[in-house]
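Notes to accompany the following structure.
Convention: sequence-line order gives letters A, B, ...; per-chain numbering from 1.
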Number of protein chains: 2
Amino acid sequence: MTSQQDSALHSDAANPSRREQILRAAAQLFAERGSRAVGVDDVGAAVGVTGPAIYRHFASKDAMLAEMLLRISERLLAGGTERVAAAGASPVDQLRALVEFQVDFALDNPALITVQDRDLGALTDRDARQVRQLQRRYVEEWVAVLARLHPEASTAACRARAHALFGLINSTPHSAGRVARPAMAGLLAEMAMAAALA
Amino acid sequence: MTSQQDSALHSDAANPSRREQILRAAAQLFAERGSRAVGVDDVGAAVGVTGPAIYRHFASKDAMLAEMLLRISERLLAGGTERVAAAGASPVDQLRALVEFQVDFALDNPALITVQDRDLGALTDRDARQVRQLQRRYVEEWVAVLARLHPEASTAACRARAHALFGLINSTPHSAGRVARPAMAGLLAEMAMAAALA
DNA sequence: GCCTCAGGTTAATCGCCGTTCACACTGGAC
DNA sequence: GTCCAGTGTGAACGGCGATTAACCTGAGGC
């Protein structure tokens, strides 16, 4: 139904391998219905093959989900640290860089955003631990910046603030498409900045 | 494990019937693992009975989830309209009333908040439609207030803004417990007001 | 012209889990 | 005391869905 094609998954966006096609289709389906409600046959059908063909490319359905979530977390962490580094020394500028990065990511990859916080629990302990560790490092990036903007606040409060900002920005998938992308980006960034500095 | 006892489910909080116990336990489990990952036996075990005993109180596992989500939506809608009505004519006061109501609800019922937006898709079409309709009416309550505060903004933009505020406030379950309840309530309300008025 | 191998296919297998069944055990109502 | 409604229990049943097995094909390399 959706023509949405979350961009953060492809190595080679132009000519995606079958493996990449599967990951993208799976992300879309997982986001719509939840990973446990999506059958291996559904994923196969979405790329024009039968269910078991998946196993030529992934060890298991869980492995697909794991790879998906690991890539997202890595991409967020890498992008976040990069943007902060490029933003100079001003905490407000750093915050703005993080906000704009997260807004762009959420608008570009609504399905991945949805899957990430809905299906973390479906991973094996081992995979989940690894994803959570990457997520934690990304959060700490935000916490460090927020701490400089609110010197009086505890670390725990800054962490809560960071999570609240993620919730705000990641609300995108819920208010799907009725507002044009640039306007939406502006609105979310503005709200996030106001909330962050309040 | 958790001593959390979401309060919005009981009619008689003091001496809950077996039926209510089941709903509470199920909400907790569903929030932790997702409704599809929780077995009927798990729910039974959580209240000290075997799985099939559930069927003395609910027609099916889906019926449990449906009742849970319907109650939440009804409670939110009722609470929201009531608070707005009691807040007088000032849009800012009305907004503050809504924000404080939502913050209290989210802090009191983290499990329900989680289940509500994670497991809506597991409902039958009929039930899902009904829940969505209640949710929509609650959202419109917010949209009406936001529209008066931003007369220049489109309805769609106000709706996006409302969803963003829900995302912010409902982030509570993700930053579980490290900040004391009153401080958390203050922080979330402050951030939400700033974001709403930005 | 063969051999290999990547990538598919269809037809089992197999375990899990929602649900139903047939049979107790209560504890009031009368 | 009897009876019945309400609750539970353990043992099937049945379907669904992930995985595996066995077999096929077509494109290169040699």
Quick one: do A/Asp108 and A/Arg181 make a salt bridge, cutoff under 4.0 Å?
yes

With a 4.5 Å heavy-atom cut-off, do A/Phe30 and A/Met68 have their side chains touching?
yes

Looking at B/Arg136 and B/Glu141, is there a salt bridge between them, counting it only when a charged N and a carboxylate O are closer than 4.0 Å?
no

How long is the line joining CZ of B/Phe58 and C1' of C/dG18, in whole Å?
16 Å

Contact letters for nucleotides 4-20 of chain D, in which S counts primed atoms plus P, OP1 and OP2 and B counts the base, heavy atoms under 4.0 Å:
---BBBBB------SSB

Check whether any side-chain heavy atom of A/Asp41 lies under 4.5 Å from a side-chain heavy atom of A/Thr50, and answer yes or no.
no

Can you tell me how the ring of A/Phe166 sits relative to the ring of A/His163, calling it parallel under 30°, perpendicular over 60° and tilted otherwise?
perpendicular

